[in-house]
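So the structure is just underneath, and the comments pick up after that.
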Amino acid sequence: KTNEMNTNMINKTNNIKTSPFKHIMSITKTNRIISVIITLLWTSVIISFSLQPADTSSEISMGVGRWILEHLLPGLVQRFDSMSQTQLDFWHTLLRKAGHFSEFFVLGILSMSTARQMKFHRKKMIAFLFCVLVAAMDETIQLFVSGRSGQVTDVMLDSVGALVGILSLVILKFLIG
């Protein structure tokens, strides 16, 4: 009877030791999958913007820009009516370039998070190279869309946005611990 009790205690002890570990491993695997899915979804959002013809893309960026400016800089929106076409073109270009930077800033954060979840070595490099690849693919797609053109300068701007996103996450982790 003593041996049976000892065996039961060992089994219970082993179950106690392994059950939480298996649960943690399951959570980690789930986090990895979620991280990959979110990164790929954001990548598909970026690509979907590139597939839009120039007129549609301009309408969307102006609508988003107007909404942002109305909420952040309402005085500037009121001045649009009195601006020359050159001034309006400047603001439109600035808005589109800020959009490029922002999209890839987010992609940089997401790809770095995914690289961490996947426990890759050289996480920053893998995350950055993924973002550069997406940026190059994004601009290449635009070569085949009506009214759009792929720009090497946009690939560079996208890459800088991704790098700033990656470094922001690295610095935040360093500061928080």
Side-chain angles (χ1 to χ4, degrees), residues 31-118 120 122-172:
N31 287 347
R32 288 178 185 164
I33 292 168
I34 290 170
S35 186
V36 168
I37 289 171
I38 291 171
T39 302
L40 292 176
L41 283 173
W42 187 252
T43 301
S44 67
V45 166
I46 291 171
I47 299 302
S48 72
F49 288 146
S50 294
L51 292 170
Q52 297 170 344
D55 293 344
T56 305
S57 178
S58 288
E59 277 181 40
I60 291 171
S61 64
M62 287 304 286
V64 169
R66 182 172 284 282
W67 185 88
I68 290 170
L69 291 174
E70 283 174 354
H71 290 86
L72 298 179
L73 301 168
L76 184 60
V77 174
Q78 294 167 350
R79 293 180 49 203
F80 278 166
D81 293 335
S82 62
M83 288 185 185
S84 69
Q85 188 60 45
T86 304
Q87 291 170 318
L88 289 172
D89 289 344
F90 167 79
W91 284 104
H92 184 246
T93 300
L94 184 65
L95 174 67
R96 292 183 72 82
K97 299 307 175 187
H100 272 272
F101 184 90
S102 301
E103 287 174 348
F104 280 85
F105 176 85
V106 172
L107 186 62
I109 290 172
L110 293 174
S111 64
M112 184 62 188
S113 295
T114 300
R116 281 188 179 155
Q117 289 289 328
M118 301 302 285
F120 287 136
R122 300 183 179 198
K123 297 167 184 57
K124 292 180 274 295
M125 184 187 311
I126 289 172
F128 182 67
L129 289 176
F130 173 76
C131 293
V132 171
L133 179 65
V134 172
M137 184 173 63
D138 182 48
E139 292 302 315
T140 301
I141 288 169
Q142 290 181 36
L143 293 172
F144 302 99
V145 177
S146 174
R148 305 288 296 267
S149 62
Q151 304 290 321
V152 174
T153 54
D154 283 347
V155 174
M156 290 188 283
L157 179 61
D158 296 344
S159 299
V160 169
L163 184 61
V164 171
I166 291 166
L167 293 177
S168 296
L169 197 60
V170 169
I171 291 168
L172 186 63

Is it the case that the side chain of [X] and the backbone of [Y] share a donor-acceptor pair, with hydrogens and angles ignored and the cut-off at 3.5 Å?
X      : Y     : answer
Ser48  : Val45 : yes
Thr93  : Asp89 : yes
Arg148 : Gln52 : yes

Problem set entry | Residue pair Thr39, Thr114: steps toward the side-chain hydrogen bond (donor to acceptor under 3.5 Å, both in side chains) verdict | CA-CA 7 Å; Thr39 302; Thr114 300; 2.6 Å; yes
Exercise. So, Glu59 versus Ser57: side-chain donor-acceptor pair below 3.5 Å or not?
Worked result: no
Between [atom1] of [X] and [atom2] of [Y], what distance do you get to the nearest 0.5 Å?
X      : Y      : atom1 : atom2 : value
Leu110 : Leu41  : CG    : CG    : 10.0 Å
Met125 : Lys123 : CE    : NZ    : 12.5 Å
Asp154 : Arg96  : CG    : CZ    : 9.0 Å
Phe90  : Ser84  : CZ    : OG    : 11.5 Å
Ser113 : Ile109 : OG    : CD1   : 7.5 Å

Non-hydrogen side-chain atoms of [X] and [Y] separated by less than 4.5 Å:
X      : Y      : answer
Val36  : Met118 : yes
Asp158 : Glu139 : yes
Met137 : Gln142 : no

Exercise. In this structure, are over 12 heavy atoms from other groups packed under 6.0 Å from Lys97 atom NZ?
Worked result: yes
Exercise. So Phe128 and Ser159, side chain to side chain contact (heavy atoms under 4.5 Å, CB included) or not? Walk me through it.
Worked result: CA-CA 8 Å; Phe128 182 67; Ser159 299; 4.1 Å; yes
Problem set entry | Test log, rule side chain to side chain contact (heavy atoms under 4.5 Å, CB included), inputs Leu129 and Leu133 | CA-CA 6 Å; Leu129 289 176; Leu133 179 65; over 6 Å; no
Seminar exercise, completed: Only residue of Val134, Ile126, Val132 satisfying side chain to side chain contact (heavy atoms under 4.5 Å, CB included) with Phe130 is Val134
Determine all donor-acceptor pairs shorter than 3.5 Å in which one atom belongs to a side chain in residues 101-108; sequence neighbours excluded.
unit_1	atom_1	unit_2	atom_2	d
Ser102	OG	Ala98	O	2.8

Problem set entry | Check against side chain to side chain contact (heavy atoms under 4.5 Å, CB included), Met112 and Leu167 | CA-CA 9 Å; Met112 184 62 188; Leu167 293 177; over 6 Å; no
For this session: For Arg116 and Leu169, run side chain to side chain contact (heavy atoms under 4.5 Å, CB included): C-alpha distance rounded to whole Å, both residues' side-chain angles, the deciding distance at 0.1 Å, then the answer.
Result: CA-CA 11 Å; Arg116 281 188 179 155; Leu169 197 60; 3.7 Å; yes
Seminar exercise, completed: For Ala54 and Gly147 the tightest heavy-atom approach is CB-O, 3.2 Å
